[in-house]
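Here the structure is laid out as structure tokens; the discussion comes afterwards.
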There are 2 protein chains.
Amino acid sequence: MENKNMDKSDYLEQAADIDQLDEKILKLITKNARIPFLEVARECGVSGAAIHQRVQRLLNIGVITGSEFTVNPQKLGYNTCAYMGIYLEKAKYHRQVVAAMRDIPEIVECHYTTGQYAIFIKIQTKTNKHLKKIIDSQLQEIEGIARTETFMSLEMDFKRQVPIQ
Amino acid sequence: MENKNMDKSDYLEQAADIDQLDEKILKLITKNARIPFLEVARECGVSGAAIHQRVQRLLNIGVITGSEFTVNPQKLGYNTCAYMGIYLEKAKYHRQVVAAMRDIPEIVECHYTTGQYAIFIKIQTKTNKHLKKIIDSQLQEIEGIARTETFMSLEMDFKRQVPIQ
DNA sequence: GTTGAAAAAGATTCAAA
DNA sequence: TTTGAATCTTTTTCAAC
């Protein structure tokens with residue numbers, strides 16, 4: 001291997017070959033996963049079979065990773081949203097800390113970051129009290145975490161996917 | 001009105017009435033928006049019509065907000081992900097700053113926060129250079145922004161929706 | 001609220017271009 | 001890669017429970 005510090009997965013992930021039809025398809029199905037492919041076909045001026053095959057290809061090459069119905073957390077009783085920066089005692093604890101976080105379902109996003117924090121998470125809880133409980137009785141108990149800093153979201157102004165095209 | 005500082009929308013959003021069947025449906029369709037409702041029906045041991053009506057109700061009462069195919073940003077060439085805390089010159093600029101951010105498609109999430117930052121965003125760009133360009137030529141130009149702090153994500157460890165049940 | 005049955009619509013496959 | 005046609009499955013509606 002040319003460089004002992006890299007393996008294949010460390011190279012820049014190659015952007016997929018996406019043409020304008022793919023983009024148009026993606027724009028439609030990333031906004032509504034239940035849209036009939038025949039309707040996509042009509043809007044794109046091609047056959048349903050073409051859309052079917054294109055979507056299959058986009059799935060196969062990993063451009064599309066799946067589909068989901070999205071829920072409104074508040075309607076499920078999740079009224080508190082916060083971001084937290086995590087300081088580790090030692091950087092080498094990273095892996096095990098992330099593993100522990102995966103077991104806390106309220107942590108909905110977890111990133112390995114640079115800057116002042118080693119890990120950065122998004123957490124959604126039912127109440128502020130629920131958040132405090134998780135911080136005190138779960139997060140602070142994780143071996144390797146030195147301390148945490150919390151940024152409460154008072155309101156989510158918007159959320160969307162990466163721009164297509 | 002009892003309290004001049006609140007209007008109806010400021011009260012705690014009431015969690016919806018969700019029974020175990022709703023939860024089972026949500027678990028399935030939040031993981032795969034394209035799953036046939038008949039398959040959901042089979043897994044739940046009820047009729048397809050029941051699933052159809054339940055999903056319709058969950059949409060009507062706002063528990064489900066929509067559906068989307070999810071894309072892998074890297075496959076679209078978006079290799080840089082960062083979180084940014086925004087300091088405002090004055091809190092009153094909040095509204096107009098958020099409006100300006102909405103016009104920057106690379107900003108995929110925007111929150112009104114407490115703590116050291118007034119606004120907290122997630123931004124996805126093609127490269128670090130692309131991020132720098134947006135910070136220098138777009139973000140810093142927004143009237144009301146004092147300064148920003150950036151936390152680069154080196155790796156997203158996981159991402160998921162709020163726990164159901 | 002749930003059901004089964006009917007009708008309408010969509011998904012999937014495939015041979016041909 | 002795309003297409004239209006054939007087939008199979010799902011969605012949607014609705015009267016009845």
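None of these values were measured; they are calculated from a predicted model. All values below come from the heavy atoms of this structure, side chains included, with hydrogens, waters and symmetry mates left out. So that the names make sense, note that chain A is the first sequence line, chain B the second, and so on, each numbered from 1.
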Whole angstrom value for the distance that separates [atom2] of [N] from [atom1] of [X]:
X	N	atom1	atom2	answer
L58(A)	dT1(D)	CG	P	11 Å
I29(B)	dT10(D)	CD1	P	16 Å
D22(A)	dT1(D)	CG	P	9 Å

(message) Looking at K122(B) and E109(A), is any side-chain nitrogen of the basic one under 4.0 Å from a carboxylate oxygen of the acidic one?
(response)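 Salt bridge between E109(A) and K122(B), a charged N being under 4.0 Å from a carboxylate O: yes.
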(message) Taking D157(B) first and then R102(A), would you say they form a salt bridge - that is, a charged N and a carboxylate O separated by under 4.0 Å?
(response)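 A salt bridge is absent here (no side-chain N lies under 4.0 Å from a carboxylate O).
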(request) Would you please classify the geometry between the F37(B) ring and the F69(A) ring as parallel, tilted or perpendicular, with 30° and 60° separating the classes? (result)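 Aromatic pair F69(A)/F37(B) classed tilted.
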Review item, nucleotides 1-4 of chain C N/O atoms under 3.5 Å of protein N/O:
| residue | atom | partner | partner atom | Å |
| --- | --- | --- | --- | --- |
| dT2(C) | OP1 | R54(B) | NE | 3.4 |
| dT2(C) | OP1 | R54(B) | NH2 | 2.4 |
| dT2(C) | OP2 | R54(B) | NE | 3.3 |
| dT3(C) | OP2 | S47(B) | N | 3.0 |
| dT3(C) | OP2 | S47(B) | OG | 2.9 |

(message) Surrounding CD of E39(A) (heavy atoms of other residues, nucleotides or ligands, distance under 6.0 Å), is the total greater than 12?
(response)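 Count over threshold, so yes.
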(message) Can you tell me if D17(B) has over 12 outside heavy atoms packed within less than 6.0 Å of its CG?
(response)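 For D17(B), atom CG is not crowded (no more than 12 foreign heavy atoms under 6.0 Å).
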(request) State which residue, out of I135(B), I123(B), L139(B), fulfils the side-chain contact (heavy atoms from CB on, under 4.5 Å) condition with T150(B). (result)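 That would be I135(B).
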(message) Just to verify, which of K126(A), M152(A), Q124(A) counts as forming a side-chain contact (heavy atoms from CB on, under 4.5 Å) with T80(A)?
(response)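 Only one option passes, and that is M152(A).
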(message) So which atom in R160(B) and which in M101(A) form the shortest heavy-atom distance, rounded to 0.1 Å?
(response)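 Of all heavy-atom pairs spanning R160(B) and M101(A), the closest is NH2-O, 3.6 Å.
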(message) Minimum heavy-atom separation for I145(A) and E89(A), please, with both atom names.
(response)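 So the minimum-distance heavy-atom pair works out to O-OE2, 3.6 Å.
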What does the list of N/O pairs under 3.5 Å between the protein and nucleotides 9-11 of chain C look like, with a distance for each?
| residue | atom | partner | partner atom | Å |
| --- | --- | --- | --- | --- |
| dA11(C) | OP1 | F37(A) | N | 3.3 |
| dA11(C) | OP1 | R34(B) | NH1 | 2.9 |
| dA11(C) | OP2 | F37(A) | N | 3.0 |
| dA11(C) | OP2 | L38(A) | N | 3.3 |

(message) Is the positively charged end of R147(A) above the ring of Y117(A), judged by distance under 6.0 angstrom from the centroid and angle within 45° of the axis?
(response)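 No, R147(A) does not sit over the ring of Y117(A).
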(request) Compute the angle between the rotation axes at the two ends of the helix from dG1(C)-dC17(D) to dA17(C)-dT1(D), each taken over five pairs, rounded to 10 degrees. (result)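 It works out to 30° between the end axes.
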